[in-house]
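What follows is one structure encoded as structure tokens, with my remarks underneath.
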Protein chains: 2
Amino acid sequence: MGHSDTKQQILNAAESLFAREGYQATSMRAITESARVNLAAVNYHFGSKEALFEAIFERRLRPLNEVRQKRLKEIRDEARRHGLTPATREILRAFIEPALRFKESRKGEVDFTILIGRSFIDSDDTAQKIFFRLMKPLSRVMLEMLSEALPELPREAIFWRYQFVVGALARTMRIYKNPKFESMKVNHEPDVDSLIDSLISFAVAGMETPIGQKQSAV
Amino acid sequence: MGHSDTKQQILNAAESLFAREGYQATSMRAITESARVNLAAVNYHFGSKEALFEAIFERRLRPLNEVRQKRLKEIRDEARRHGLTPATREILRAFIEPALRFKESRKGEVDFTILIGRSFIDSDDTAQKIFFRLMKPLSRVMLEMLSEALPELPREAIFWRYQFVVGALARTMRIYKNPKFESMKVNHEPDVDSLIDSLISFAVAGMETPIGQKQSAV
DNA sequence: GTCTATAGATTGATAGAC
DNA sequence: GTCTATCAATCTATAGAC
């Protein structure tokens with residue numbers, strides 16, 4: 001029961017390795033060596049590799065999504081007080097900002113940002129199941145509020161545009177401050193505030209654009 | 001040298017499995033059993049699992065990117081003939097449309113669409129190296145042409161907005177027609193034409209939005 | 001080209017001493 | 001709670017018969 005430093009060391013090491021190498025490619029031996037604990041410690045403290053993976057998401061994604069839900073609720077309540085519906089920009093900000101700005105920029109949180117970015121896409125069954133369970137309630141609220149904010153858009157358009165935003169955010173979380181992507185010319189790393197504003201503006205413009213303005217191909 | 005049906009069967013089976021399960025999670029046994037060939041056949045025909053993975057990308061991503069490069073060149077030449085610079089929409093269409101509309105919608109191409117969507121994010125070293133090598137020349141041209149089309153935007157803005165588009169496209173390729181994502185309410189699968197137009201409009205609006213229109217947080 | 005058989009390494013997990 | 005030692009399964013790759 002005690003605080004068990006070992007448990008935290010395992011969580012931190014595994015978070016970093018899963019982010020860098022992926023779930024499948026990371027072995028228990030790699031985790032325990034990096035955490036400088038015994039090989040058997042993971043099974044003792046967590047039960048299995050899969051349970052460890054789940055614990056990592058519970059530790060960070062759950063509180064992150066709670067923050068997002070709380071902000072969405074505040075936005076909704078505030079708008080209602082004025083008899084309005086929430087602005088698209090505020091909804092998207094509540095979704096994007098907490099994901100890119102963890103309170104502290106400690107290493108663990110940078111690792112986890114990368115891990116989430118990867119998990120949005122990675123279809124490893126283990127990852128997907130855990131990830132979806134934690135994301136689903138938030139997605140439901142997002143789709144609902146975006147529909148209210150943009151009543152002229154059909155539900156399909158809302159759904160897909162929300163997916164586009166999710167993809168853009170995932171890509172950003174995946175490459176921002178990620179040493180593996182230094183080969184791309186990200187030599188101009190912006191500060192996180194600019195990046196957040198940049199993505200929000202992009203997302204708002206895309207989300208609010210009128211439909212049906214097709215154009216001939218090629 | 002002969003056409004070797006075995007080789008194609010392996011490519012098709014591996015493409016599907018890599019798309020569904022990921023590179024690391026897919027074993028040689030799973031591939032050869034699915035392809036109904038002998039376990040040793042992969043090493044005989046391709047040399048190694050990694051070389052097989054590379055062959056899959058060479059078979060589809062290379063021609064896909066050649067199509068995109070060709071269309072970008074046509075757009076550029078056509079604009080030059082009129083003393084203009086290419087429109088953002090046309091550039092983005094050349095990038096997005098070929099990726100979502102393979103000539104035939106054969107199963108293999110659906111699998112590969114999913115595989116590319118995954119590979120944009122997946123950081124497995126093997127996948128990244130191969131994927132980057134094939135994507136880099138295209139990215140260079142895209143960034144160049146987008147800079148011409150949007151001269152008022154600083155290079156960093158161009159770079160990040162391009163990444164947002166890449167993320168949105170990757171997410172779309174990942175979930176469109178993917179049975180694993182049926183749990184999400186994609187019960188309203190749009191036809192591919194609508195989806196393409198939808199993503200292009202979203203991307204154009206995001207790409208062209210003026211910078212600096214910040215807003216207070218929360 | 002295709003097959004069987006197997007080498008050689010690595011995996012997640014656990015039993016049992018301390 | 002931590003450790004050593006090890007099991008049983010699985011992996012990629014290859015040698016060699018046909």
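Note on naming: letters A, B, ... go to the chains in the order of the sequence lines (proteins, then strands), and numbering restarts at 1 for each one.
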Seminar exercise, completed: In whole angstroms, the gap separating P of dG1(D) from CD1 of Ile10(A) amounts to 11 Å
Problem set entry | Comparing Val37(A) and Arg29(A) on DNA chain D - which has the more 5′ nearest nucleotide | Val37(A)
Problem set entry | For atom NZ of Lys49(B) and atom P of dT14(D), their distance in whole Å | 15 Å
Exercise. Atom OH of Tyr44(B) and atom C1' of dG1(C): how far apart are they, to the nearest Å?
Worked result: 5 Å
Problem set entry | Between dC11(D) (P) and Tyr23(B) (OH): distance, integer Å | 14 Å
Problem set entry | Nearest non-hydrogen partners of Thr26(B) and Lys49(B), listed with the distance | O-NZ, 2.7 Å
For this session: Please check the phosphate of dT2(C) (OP1 and OP2 only) for any side-chain N or O of Thr6(B) closer than 4.0 Å.
Result: yes
For this session: When you get a sec, tell me which of dT14(C), dT2(D), dA13(D) is the closest nucleotide to the side chain of Ala40(A)?
Result: dT14(C)
For this session: Output the single nucleotide from dG12(C), dT4(C), dC3(D) whose closest atom is nearest the side chain of Asn38(A).
Result: dC3(D)
Exercise. Using a cut-off of less than 4.0 Å, is there contact between a side-chain N or O of Ser27(B) and OP1 or OP2 of dT10(D)?
Worked result: no
Problem set entry | Touch class at under 4.0 angstrom, heavy-atom based, for Thr32(B) against every strand present | nothing
For this session: Under the side-chain hydrogen bond (donor to acceptor under 3.5 Å, both in side chains) rule, what do Arg174(B) and Gln163(A) come out as? Steps first, then yes or no, please.
Result: CA-CA 11 Å; Arg174(B) 190 78 188 72; Gln163(A) 296 302 332; over 6 Å; no
For this session: Between Arg36(A) and Thr26(B), just flag the one whose closest nucleotide in DNA chain D comes earlier from the 5' side.
Result: Arg36(A)
Exercise. Rounded to the Å, how far apart are Asp5(A) CG and dT2(D) P?
Worked result: 9 Å
Exercise. Distance only, no hydrogens: is a donor on one side chain within 3.5 Å (strictly under) of an acceptor on the other, for Tyr23(A) and Ser119(A)?
Worked result: no
Exercise. Looking at the side chain of Met28(A), which of dT2(C), dA13(D), dG12(C) is the nearest nucleotide?
Worked result: dG12(C)
For this session: Verify the distance criterion only: is there a donor paired with an acceptor across the side chains of Arg155(B) and Ser147(B) at less than 3.5 Å?
Result: yes
For this session: Check the distance between dA13(C)'s P and Leu52(A)'s CG and give it to me in whole angstrom.
Result: 10 Å
For this session: Search all heavy atoms of Ile75(A) against all heavy atoms of Ala94(A) and return the closest pair with its distance.
Result: CD1-CB, 3.8 Å
Exercise. Can you tell me how far C1' of dG1(C) sits from CD of Gln9(B), to the nearest Å?
Worked result: 14 Å
Problem set entry | Nucleotide nearest His45(B) (side chain, heavy atoms from C-beta), chosen from dT4(D), dT2(C), dT4(C) | dT2(C)
For this session: Give a yes/no on whether any side-chain N or O of Asn43(A) is located under 4.0 angstrom from OP1 or OP2 of dG12(C).
Result: no
For this session: Round to the nearest Å and state the distance from Glu50(A) atom CD to dT11(C) atom P.
Result: 18 Å
